[in-house]
Amino acid sequence: MLARLKLSGSAHDIGFGLGEFGREAVHAKLRPLPLWQWLASQAGTEKAQRMEALVRQHFPRYWQELEGLAAGLHLPLAEVFLWNCRGDFPGLPAVDGCTTVYGRTAQGTLIAHNEDGLPQLRGDCALVEVDPDQGVAFTSFAYPGSIPGHTFAVNAHGVVATVNNLRPTEIPAGVPRQILGRASLDARSVEEAIAAVSFQPRAGAFHHAFGQAGSARVVSVEASATGTAVVEIERPSGHANHIVHAALDGVGQRITDSSAARQRQVEARLAAHQDELAPAQALDILRDTAVADLPIYRCAADDPDDENTLATAVFILTPTGVEWSLHTGAAEETPAATGVVSVSA
């Protein structure tokens with residue numbers, strides 16, 4: 001089961017609500033992890049201080065969300081901030097891998113996404129509806145201990161965003177990638193979303209897929225400290241969690257065996273779909289386990305990246321809105337949750 005949260009009010013209020021929700025899981029399952037402990041040890045370093053200063057200067061509202069999150073978790077702010085920078089420091093590898101497919105469908109445009117994260121967090125995540133005093137309302141998958149913006153979401157302007165982990169080998173001090181992902185949820189258009197994640201200076205790297213109700217456009221965006229590659233999607237395509245766009249060929253990265261295998265299998269499955277991709281076909285691809293040791297849909301206790309598929313989201317973007325469904329099991333026929341975001345034509 002996936003918890004459902006509704007949060008509103010100030011940025012601090014929303015962060016506090018997320019912290020209250022995630023407190024038990026964070027203390028029991030995340031804080032003991034070597035990754036959490038290593039990140040916490042970076043608090044107070046020159047890089048951490050520089051990154052904190054950048055967030056305070058350029059994104060004060062998201063800093064207030066982090067302050068609320070730490071208060072709700074009953075943890076030091078510096079520690080919680082570093083956890084939300086877990087892909088911004090070289091060292092122990094960050095998790096949250098993910099796979100995305102996108103393309104045109106008979107109803108409009110389709111973006112579908114596997115959210116892959118720590119297996120022990122199955123049952124500890126939430127679908128959160130946020131209605132802030134400032135900024136744009138949105139619905140997002142949320143992990144305990146993290147602000148939204150690095151998973152999958154749809155906002156009140158019909159902007160859909162999905163995110164995949166990238167693993168560059170060099171990560172300078174800059175705005176944390178999760179902060180920039182959060183900024184994309186306030187976008188009123190695809191162009192604003194692209195601008196948000198292209199902010200410099202940035203630290204770690206993410207892949208983003210963006211689309212918006214009322215438009216057939218889908219973009220695949222690889223955003224890194226080196227630069228941002230934006231690719232307009234013309235036919236059904238997909239992305240695992242490593243850099244594939246030619247504009248960023250020079251960026252050093254670590255490609256795990258799982259990410260490489262998922263990218264190959266997604267491309268092989270999509271070869272049969274040159275023009276359109278039906279929602280059922282997209283869901284079937286994201287549930288693929290044909291490569292038994294390195295499947296697209298991941299549920300092995302010994303996954304080499306220590307990641308499992310925790311949820312699958314399918315977004316259909318039409319001229320008047322976004323229809324979405326969320327699935328929490330590989331064999332699930334009835335979605336765990338569904339919704340519609342209506343927008344003005």
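All residue numbers in this chain count up from 1 along the given sequence.
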With heavy-atom distances below 4.5 Å as the criterion, would you say the side chains of [X] and [Y] are in contact?
{"X": "Met51", "Y": "Cys85", "result": "yes"}
{"X": "Trp63", "Y": "Gln57", "result": "no"}
{"X": "Lys47", "Y": "Pro172", "result": "no"}
{"X": "Val340", "Y": "Val322", "result": "no"}
{"X": "Gln178", "Y": "Ser146", "result": "yes"}
{"X": "Leu7", "Y": "Val128", "result": "yes"}
{"X": "Val343", "Y": "Thr320", "result": "no"}
{"X": "Arg4", "Y": "Leu2", "result": "no"}

Looking at [X] and [Y], would you say the former's side chain and the latter's main chain have a donor-acceptor pair under 3.5 Å?
{"X": "Asp13", "Y": "Ser10", "result": "yes"}
{"X": "Glu170", "Y": "Gly252", "result": "no"}
{"X": "Glu192", "Y": "Arg188", "result": "yes"}
{"X": "Asp303", "Y": "Cys299", "result": "no"}
{"X": "Thr45", "Y": "Ala43", "result": "no"}
{"X": "Tyr102", "Y": "Ala209", "result": "no"}
{"X": "Glu129", "Y": "Ala137", "result": "no"}
{"X": "His239", "Y": "Val163", "result": "no"}
{"X": "Asn308", "Y": "Ala300", "result": "yes"}
{"X": "Gln274", "Y": "Ala271", "result": "yes"}

Go through the side-chain N and O atoms of [X] and [Y] and say whether any donor and acceptor fall under 3.5 Å apart.
{"X": "His207", "Y": "Ser220", "answer": "yes"}
{"X": "Thr105", "Y": "Gln107", "answer": "yes"}
{"X": "Ser189", "Y": "His157", "answer": "no"}
{"X": "Tyr62", "Y": "Asp186", "answer": "yes"}
{"X": "Glu222", "Y": "His208", "answer": "no"}
{"X": "His327", "Y": "Ser325", "answer": "yes"}
{"X": "Asn114", "Y": "Thr99", "answer": "no"}
{"X": "Thr100", "Y": "Asn164", "answer": "yes"}
{"X": "Asn241", "Y": "Arg262", "answer": "yes"}

| query | Linking I/L/V/M/F/W/Y whenever their side-chain heavy atoms sit closer than 4.5 Å, directly or via other members, would Phe16 and Leu69 fall into one cluster? | reply |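 The answer is no; the residues belong to distinct hydrophobic clusters.
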| In the single-linkage hydrophobic clustering (I, L, V, M, F, W, Y; side-chain heavy atoms under 4.5 Å), do Leu185 and Leu180 co-cluster? |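 The answer is yes; both residues are in one hydrophobic cluster.
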Salt-bridged, [X] to [Y], with N to O below 4.0 Å?
{"X": "Arg217", "Y": "Glu191", "value": "yes"}
{"X": "Glu65", "Y": "Arg61", "value": "no"}
{"X": "Asp288", "Y": "Arg269", "value": "yes"}

| said: Filter on salt bridge (charged side-chain N to carboxylate O under 4.0 Å, His left out), then keep only pairs touching residues 307-334, sequence neighbours left out; what's left? | reply: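 Residue pairs with at least one partner in residues 307-334: Arg167-Glu307, Arg298-Glu307.
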| How would you list all residue pairs meeting salt bridge (charged side-chain N to carboxylate O under 4.0 Å, His left out) that involve residues 18-44, not counting sequence neighbours? |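 Sorted result for residues 18-44: Lys29-Asp124, Arg31-Glu79.
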Distance in Å, [X] [atom1] paired with [Y] [atom2], rounded so as to fall on 0.5 Å steps:
{"X": "Ser184", "Y": "Phe199", "atom1": "OG", "atom2": "CZ", "answer": "14.5 Å"}
{"X": "Ile111", "Y": "Leu277", "atom1": "CD1", "atom2": "CG", "answer": "11.5 Å"}
{"X": "Ile179", "Y": "Asn84", "atom1": "CD1", "atom2": "CG", "answer": "7.0 Å"}
{"X": "His113", "Y": "Thr151", "atom1": "NE2", "atom2": "OG1", "answer": "6.5 Å"}
{"X": "Ile296", "Y": "Asp116", "atom1": "CD1", "atom2": "CG", "answer": "10.5 Å"}
{"X": "Asp305", "Y": "Ser258", "atom1": "CG", "atom2": "OG", "answer": "4.5 Å"}

Closest approach of [X] to [Y] (non-hydrogen atoms, all atoms of both residues):
{"X": "Phe21", "Y": "Ala3", "result": "CE1-CB, 3.7 Å"}
{"X": "Gly204", "Y": "Asp88", "result": "N-OD1, 2.7 Å"}
{"X": "Gly158", "Y": "Leu317", "result": "O-CD2, 4.4 Å"}
{"X": "Ser215", "Y": "Thr109", "result": "O-OG1, 3.6 Å"}
{"X": "Ala240", "Y": "Ser259", "result": "CB-O, 3.5 Å"}
{"X": "Pro176", "Y": "Val55", "result": "CD-CG2, 3.5 Å"}

| request: Answer with yes or no after comparing the ring centroid distance for Tyr143 and His150 against a 6.0 Å cut-off, counting only values under it. | output: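 That pair passes the under 6.0 Å test.
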| request: Determine whether the aromatic ring centres of Phe152 and Trp324 lie less than 6.0 Å apart. | output: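 Aromatic pair excluded; centres sit 6.0 Å or further apart.
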| Pairs in or reaching into residues 130-139: which pass side chain to side chain donor-acceptor pair (under 3.5 Å), with residues at least two apart or in two chains? |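 Output for this query is empty, none listed.
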| For Arg50 and Glu46, what are the C-alpha separation, side-chain angles and deciding distance, and is it a salt bridge (charged side-chain N to carboxylate O under 4.0 Å, His left out)? | CA-CA 6 Å; Arg50 169 65 175 154; Glu46 182 179 350; over 6 Å; no
| task | Go through the structure and list residues passing side-chain hydrogen bond (donor to acceptor under 3.5 Å, both in side chains) with Arg177, not counting sequence neighbours. | result |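 Result, side-chain hydrogen bond (donor to acceptor under 3.5 Å, both in side chains) vs Arg177: Asn165.
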| Any residue meeting side-chain hydrogen bond (donor to acceptor under 3.5 Å, both in side chains) with Ser224, in chain and number order, not counting sequence neighbours |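 Partners of Ser224 under the side-chain hydrogen bond (donor to acceptor under 3.5 Å, both in side chains) test: none.
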| request: Supply the members, apart from Val219, of the Ile/Leu/Val/Met/Phe/Trp/Tyr cluster built from side-chain contacts under 4.5 Å; use none for a lone residue. | output: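 Listed partners: Val190, Ile194, Val197, Phe210, Val221, Val230.
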